[in-house]
Amino acid sequence: MTPALNWIAFALASAVFAALTAIFGKLGVIGLNSNLATFIRTVVILAVIAGIVTLRGEWRSPAGIGLRSWIFLVLSAIATGLSWLCYYRALQLGPVSKVAPLDKLSVALAIILGVLFLGETLTWPAALGAALIVAGSIIMVVF
């Protein structure tokens, strides 16, 4: 697979797993505190990823990782944790068919933040796609 197709395959797989996350998560929080559900999910994720890193021999000394990487990985982890806590609580309170589209507004927000903070170029296709995601999310939630 070429590098151009490789990222597309992983992105599509991510979408499939994210969809399954919503369905399994909704079923998993029934009768359970959403924060505890998020903790259980996090422990499982930690074990799975540790297993993958071990099997692939990708462990690295923490001392060899630069401070900048540490700072942004920690900030990313905090944002991920807060996102998961909010997502599971939203799943507990609302229907997947409305929670998931609102969660996917992150795509439009990521495009905007990429332009503002990473210097990425906002193309017409990206702007139109982001606008359609926002419009679609609004339609799915309101109607």
Side-chain angles (χ1 to χ4, degrees), residues 1-60 62 64-66 68-143:
M1 196 179 278
T2 67
L5 294 178
N6 204 12
W7 73 263
I8 293 171
F10 278 108
L12 290 172
S14 174
V16 169
F17 291 125
L20 292 173
T21 297
I23 300 303
F24 296 154
K26 178 70 175 179
L27 295 170
V29 296
I30 295 172
L32 183 65
N33 176 283
S34 61
N35 294 329
L36 178 58
T38 303
F39 174 76
I40 292 167
R41 174 187 180 192
T42 303
V43 170
V44 171
I45 290 168
L46 180 64
V48 168
I49 294 174
I52 290 169
V53 170
T54 299
L55 287 173
R56 294 178 50 100
E58 296 172 337
W59 284 107
R60 186 171 165 185
I65 301 171
R68 183 175 193 277
S69 291
W70 274 109
I71 289 169
F72 284 110
L73 289 173
V74 167
L75 290 172
S76 176
I78 291 168
T80 297
L82 293 172
S83 172
W84 289 355
L85 288 168
C86 293
Y87 186 70
Y88 265 53
R89 184 66 176 149
L91 281 175
Q92 194 170 49
L93 298 172
V96 170
S97 61
K98 295 188 184 288
V99 171
L102 285 177
D103 178 63
K104 296 312 171 211
L105 286 174
S106 63
V107 173
L109 292 172
I111 291 169
I112 293 166
L113 294 174
V115 170
L116 293 176
F117 296 108
L118 302 177
E120 294 183 359
T121 303
L122 181 61
T123 63
W124 281 108
L128 178 60
L132 289 171
I133 289 169
V134 171
S137 294
I138 291 169
I139 290 168
M140 293 178 76
V141 171
V142 173
F143 299 104

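Sequence positions, counted from 1, serve as the residue numbers for this chain. No hydrogens, no waters, no symmetry mates; every other heavy atom, side chains included, goes into these values. Because the structure is a prediction, the values reported are computed rather than measured.
The shortest non-hydrogen separation linking M140 to S97 is CE-O, 4.1 Å. Scanning all heavy atoms of the two residues, the minimum distance from A108 to V134 falls at CB-CG2, 3.8 Å. Closest heavy-atom contact between S69 and I65: CB-CG2, 3.8 Å. Nearest heavy-atom pair, F143 versus K98, reported as atom, atom and distance to 0.1 Å: O-NZ, 3.3 Å. Residues A130 and I111 share a closest heavy-atom pair of CB-CD1, 3.9 Å.
One finds the CH2 atom of W84 at 3.0 Å from the CD1 atom of I45 (value rounded to the nearest 0.5 Å). Taken to the nearest 0.5 Å, the OG atom of S83 stands 5.5 Å off from the CG atom of D103. Atom CG of L12 sits about 8.5 Å away from atom CH2 of W7, to the nearest 0.5 Å. Atoms CG and CD1, from L132 and I139 in turn, are 9.0 Å apart once rounded to the nearest 0.5 Å. From L128, atom CG reaches atom CD1 of I133 across 10.0 Å, with rounding to the nearest 0.5 Å. Here I71 contributes atom CD1 and S76 contributes atom OG; the two are 13.5 Å apart, rounded to the nearest 0.5 Å.
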Enumerate, atom names and distances included, each donor-acceptor pair closer than 3.5 Å involving a side-chain atom of residues 24-38, sequence neighbours excluded.
{"residue": "K26", "atom": "NZ", "partner": "L91", "partner atom": "O", "Å": "2.6"}
{"residue": "K26", "atom": "NZ", "partner": "G94", "partner atom": "O", "Å": "2.8"}
{"residue": "N33", "atom": "OD1", "partner": "N35", "partner atom": "N", "Å": "2.7"}
{"residue": "N33", "atom": "OD1", "partner": "L36", "partner atom": "N", "Å": "3.0"}
{"residue": "T38", "atom": "OG1", "partner": "S34", "partner atom": "O", "Å": "2.9"}

